[in-house]
Amino acid sequence: MIKRAGKEMERKHSCLKVRFTKESPKKPAIRVGFFQLFRFATCNEILMMVVGSVCAVLHGSAQPLVLLVFGLLTDTFIEYDIELNELMDDRKECVNNTIQWKKNYTASVTLLLNIEYEMTQFAFYYVGIGAAVFLLGYFQISLWVTAAARQVQRIRKMYFSKVMRMEIGWFDCTSVGELNTRMSDDINKINDAIADQVAIFLQRFTTFVCGFCIGFVKGWKLTLVIVSASPLIGVGAGLMFVAKLTGMELQAYAKAGAVADEVLSSIRTVAAFGGEKKEVQRYDRNLISAQRWGIRKGLIMGFFTGYMWLVIFLCYGLAFWYGSSLVVDTEEYTPGTLLQVFFGVLIAAMNLGQASPCLEAFASGRGAATIIFETIDREPEIDCLSEAGYKLDRVKGDIEFHNVTFYYPSRPEVKILDQLSVAVKSGETTAFVGPSGAGKSTAIQLIQRFYDPKEGMVTLDGHDIRGLNIQWLRSLIGIVEQEPVLFATTIAENIRYGRPGVSMEDIITAAKEANAYSFIMDLPQKFDTLVGEGGGQMSGGQKQRIAIARALVRNPRILLLDMATSALDNESEAIVQEALDKVRMGRTTISIAHRLSTIKNADVIVGFEHGRAVERGKHNELLDRKGVYFTLVTLQSQGDKALNEKARQSRSKFGRLISYMLMLHQVLNSAKYLLASKIPERSKKGFADCNHHLLLEQAATPAPVARILKYNLPEWPYMLFGSVGAAINGGVNPVYSLLFSQILATFSVTDPEAQRKEIDSICLFFVMVGVVSFFTQMLQGYAFSKSGELLTRRLRRLGFHAMLGQEIGWFDDHRNSPGALTTRLATDASQVQGATGSQIGMIVNSLSNIGVAVIMSFYFSWKLTLLILCFLPFIALSGGFQAKMLTGFAKQDKQAMEAAGRISGEALNNIRTIAGLGKERSFVDMYEAQLDAPYQAALKKANVYGACYGFAQCVVFLTNAASYRFGGYLVRQEGLHFSLVFRVISAIVTSGTALGRASSYTPDYAKAKISAARFFQLLDRLPLISIYSDKGDKWENFQGNIEFIDCKFTYPTRPDIQVLNGLNVSVKPGQTLAFVGSSGCGKSTSVQLLERFYDPDHGKVLIDGHESNRVNVPFLRSKIGIVSQEPVLFDCSIAENIKYGDNSREIGMNEVISAAKKAQLHDFVMSLPEKYDTNVGAQGSQLSRGQKQRIAIARAIIRDPKILLLDEATSALDTESEKTVQEALDKAREGRTCIVIAHRLSTIQNSDIIAVMSRGFVIEKGAHDQLMALKGAYYKLVTTGAPIS
């Protein structure tokens, strides 16, 4: 079994190799043209998209159109002002709206403008354009989004149904995780590329073209001057994009994240060896590089933002300086033309910049589509849903392999089957035996036609199975695998998967045949019990029996048993084996097994070696041949054989006893079923409630900002300087509008000298503002990123420290799984930074912006300001909405897709099982049903989204209409200077949009507060068993005298199951105590109480007479060494792993070596090229199990513990490694108090005390011989050889 897992790994590994060599460049090559993205569109949708595009183009031309109006409006104001200036000349007077020389001069008459009437006209223009923009914006967005939603829906369906039709070989070379991301992310990318982004791109591009057209038509000279400076802006924007070093920062954090993940996954080991402080330091060391990148990123972003502002202000200065000379000196332009040209080019440039993110969306969409469309177009080599192929009328069930040669598509260089020829007769049971990798399982997969052989053929009743209909062929076959896969629904539904439309009676019959009926009826919800994700709520034996029932309900002609009992303990195995023996009758059965008990009674045994069948015959014949089979038999130790013989003789005597024990086992098992569920069995509704409750609990109290700032206190100088920078940056916008209106004012000055001087000084002022803002932006960026990153690092360290300080029970809660906790460290801590540094910057910036603008405006004209302030909230909203549009609405879509994602994930993870059951079609249907809700939501969203967009676009036009009309009134009636009208309007409108943008660009403030709250919950939680405190008893000369007195205990996550039920047992110093009993009886639990991972609910554990919950935890653990069934090693060298045994001091190499020698490890280590510096790989993956076990023993020895705990330390090993490890353990036990938990008798027999446990208390105890003499439970265990596990 172990080797088999290794084989799987190998296969996956080589798949990975194949895949990486193919796609070594990170992004897939883009082989899909942009218009090919729309290949699934129907005529209707194409029409929608065309209309949407027309709307977008018209909408795009609206902004430049407004400029024409704006230019005329400016000219009107200036003309009016010049006339007023003329009136000041005391030689003129105004009669009936005309300015004329006084009577004694020659009369020259001009009409005085009616400014109010003119302004009303302009207001109508503005309103008209605004209304048009609203409608166009609505249609452009909603049509495109609707069309895209329909196409994406279609693509999703086609893609999933195509993937489900692929042959298994394709799945070998494509990782399931990758497929899942493709289903969610890649298709979302396609959606982004064909939805609103296209419309927005068209709109912005049109604006860009029209803006330049206006510029060149109205004034080409000025346009060329401005354009010459534009590359500088482009370069800045481009580099800023590159400068988003988030990738680097995440990579830098990845190292620290890996440390955290490793430590949290093996928290029990860390706790047992007292490595908490050491791990926190290791984590902190790895955080430094992440912090460095974060600061660098802040500085670079600040630099580029500053650079952009600098260039823009220099451009302003240049354009107004040159433009004004064209207006004043050569009189080529009117002031209005100057504004039209300047703003035309400016708007064009801005829109071009805003159109570029769309291009990126298109590119990533095309990249994503490449792989997805290729999959949709790919024809599967073995199409499981095709109707082709014929069905036989009568099936006998003779299977034959004719010279079959086969390679897995994922590793074409390894020959798995080599000219294999085997015949399996109908109605017989044939057993395949042989070493791992000999091709036994592969042969079974060929019978199911998961793969086609490269040469030769497999026949059923003489017909090549390639000619048969696949679904029909697979419906004849029932398969029970080593690790059966159950689906996350009820038991009845799982059995029903075997055959559609099967009645409840059939299900019950199948369950009875599979020996599953009785345990199902013991469950509270019987057949409606949910089995959990992947069958996680069931024990191994229960899963196996449900899988057998599922295979039986098909009433198969051919039964394939692939190591169906290897994962079970003896007792469950006996039950499952009995079930299998029942159902084999009259069917063609092929059984693969390692354990002899399962093979002996087969009709024919076929021995495999290197992909060939080398021998066949009955059990005794093969033993005489002394071939493959013989070696396998002799390897399985003689001891087993003796026990089996004994068992066979005594079976008759113990018939009654055994049936009694089976009954006991049933009860135990139903308890075990509950035990196996990490989350107490709840219906899904309960689950949802608990999630809901959890969300409430997390979001209940967003953390007060004051407390977050307290953690940031040491950085206050940075924060102060940053805020100063931010305040100055905020004042820039209003200052700009002041200068802008000042320039307009100069055009109505009649004296040329004064005019020239004023213009020059204003242009200089522009340059100064630019330079100042360059430095303040840099200051703001650097200061806040520095304070933020220091805070993030501090929080991560504190958080990690707090996590490691929790008691073990806290980690049992599924909400605190290592994955969840590492994500929390990675994201929560960096989100908290959003509530302090940059957030404060944004707030100060926006406040100073609005503040300066409003104060300035009130100073110049309070009436007009009040009018515009009414519109301010809308403008801010629209600015925010537009910024949000750039980032897109992907988040909501993702949540809607989750239900469908669960189905697709389950289907892809268990594709072999689904293929074997022929259930592809039903999974496709389930998936499509789940897609409906997100699709409806998307359609609804299209309308809402379109309306919002239209409103956001038109609100500025309406504001302008109202304000200019009122401005005209004020100029006329109250003699307000016209430049002030412009000053007030532009100040407030620009600051309003800026405010909106700022509000949406800030990392989510609320999110930051919730993250912080979660973080503080963690920091404030007082662990029930505190590791960091010095309280508690410590004493000299620790003896190692242990007593359990009436201990009762339930796991905190499963309070309904009593694990220990009054445990009484004691060990004197230097003695060895062995626990035996079936799984779930509380053996390991008692060890965990001793380590103080948990405290008993009732009763006490005494250590040298001290109560365990009064003892200092680090002190107690420092006296205990533990070797567990699956030892956890850390991703560092062998020497470091051994040194981990004692974290309280520095350990020299000599000590390490002597510990290694005691653990029988030294010779093996010296044979490695790097000796003790060899890296063991993540979780020790580079070593075999026996080697890992011995390192773990050395690690336990080096701390020189007084108490040694061995929790099934040898159960996972093969016979040879077991001997070595056992010797090492026997050495290690000398002179120490020792507690052993074991399945194999050989390990227990020489213990001083053997305690037989059942249901959480000891039923008998004594030495081996005493217990044998008692003829009680232990005697039965030994003699029947059955349920020791």
Side-chain angles (χ1 to χ4, degrees), residues 229 232-233 235-237 239-240 243-245 294-318 350 353 709 712 715-740 742 761-791 833-834 836-856 879 883 986-988 990-1003:
L232 288 172
I233 297 186
V235 166
L239 286 175
M240 193 149 153
K244 290 193 170 155
L245 300 169
I295 294 172
R296 204 171 301 175
K297 179 179 140 199
L299 188 57
I300 292 179
M301 293 299 282
F303 174 81
F304 278 118
T305 321
Y307 167 81
M308 298 275 291
W309 279 109
L310 176 65
V311 174
I312 287 174
F313 274 108
L314 293 179
C315 270
Y316 285 160
L318 174 70
M350 268 176 53
L709 287 179
N712 218 344
E715 284 82 46
W716 70 267
Y718 289 118
M719 317 257 299
L720 185 71
F721 280 114
S723 304
V724 171
I728 298 173
N729 287 334
V732 164
N733 249 330
V735 167
Y736 152 72
S737 55
L738 186 105
L739 296 174
F740 158 69
Q742 202 54 48
S761 63
I762 292 174
C763 291
L764 259 178
F765 212 99
F766 267 125
V767 174
M768 275 166 52
V769 173
V771 172
V772 168
S773 94
F774 174 65
F775 285 112
T776 53
Q777 287 282 3
M778 256 176 84
L779 178 69
Q780 180 184 347
Y782 171 70
F784 282 129
S785 72
K786 176 97 180 177
S787 75
E789 288 298 322
L790 288 169
L791 172 73
Q833 162 184 351
T836 60
S838 46
Q839 184 71 33
I840 291 175
M842 271 311 179
I843 292 172
V844 171
N845 195 325
S846 306
L847 284 179
S848 74
N849 190 336
I850 286 272
V852 174
V854 170
I855 290 169
M856 200 172 87
S986 61
I988 293 192
T990 50
S991 62
T993 43
L995 181 95
R997 286 224 178 85
S999 68
S1000 70
Y1001 271 132
T1002 52

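What you see is a predicted model; the values in this text were computed from it and never measured.
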Under 3.5 Å, which donor-acceptor pairs link side chains of residues 767-776 to any protein atom two or more places apart or in another chain?
{"residue": "S773", "atom": "OG", "partner": "G770", "partner atom": "O", "Å": "3.3"}
{"residue": "T776", "atom": "OG1", "partner": "N729", "partner atom": "OD1", "Å": "2.5"}
{"residue": "T776", "atom": "OG1", "partner": "V772", "partner atom": "O", "Å": "3.2"}
{"residue": "T776", "atom": "OG1", "partner": "S773", "partner atom": "O", "Å": "3.1"}

Problem - Closest contact, heavy atoms only, V852 versus G731 - result: CG2-CA, 4.4 Å
Fill in the blank from the handout: Output for pair (W716 CH2, S723 OG), nearest 0.5 Å, gives 11.5 Å
Problem - Heavy-atom side-chain contact between L314 and L310 under 4.5 Å - result: yes
Fill in the blank from the handout: Interatomic distance, CZ@F304 vs CE@M778, rounded to 0.5 Å, equals 10.5 Å
Practice task
Applying side-chain contact (heavy atoms from CB on, under 4.5 Å), name anything that partners L738, two or more places apart in sequence or on another chain.
Solution key: M856, F860, R983
Handout entry: Gap separating the OG atom of S986 from the CG atom of L739, nearest 0.5 angstrom
Key = 10.0 Å
Handout entry: Min side-chain heavy-atom separation V844-Q780 under 4.5 Å
Key = no
Exercise for the section: Kindly compute the distance separating CG (N845) from CD1 (I850), expressed to the nearest 0.5 Å. Expected result: 10.5 Å
Practice task
Nearest 0.5 Å please: distance from the CG atom of L779 over to the CZ atom of F784.
Solution key: 8.5 Å
Handout entry: Distance (rounded to the nearest 0.5 Å) between N849 CG and I988 CD1
Key = 11.0 Å
Completion exercise
With sequence neighbours left out, the residues meeting ring pair (Phe, Tyr, Trp, His ring centres under 6.0 Å) with F740 are F343
Problem - Smallest separation among heavy atoms of S848 and A727, with atom names - result: OG-O, 2.9 Å
Fill in the blank from the handout: Smallest heavy-atom separation, P734 atom then A853 atom, equals CG-N, 3.8 Å
Fill in the blank from the handout: All heavy atoms of E789 vs all of I295, minimum pair found to be CG-N, 3.7 Å
Exercise for the section: Identify, with sequence neighbours excluded, every residue that meets ring pair (Phe, Tyr, Trp, His ring centres under 6.0 Å) alongside Y736. Expected result: Y316
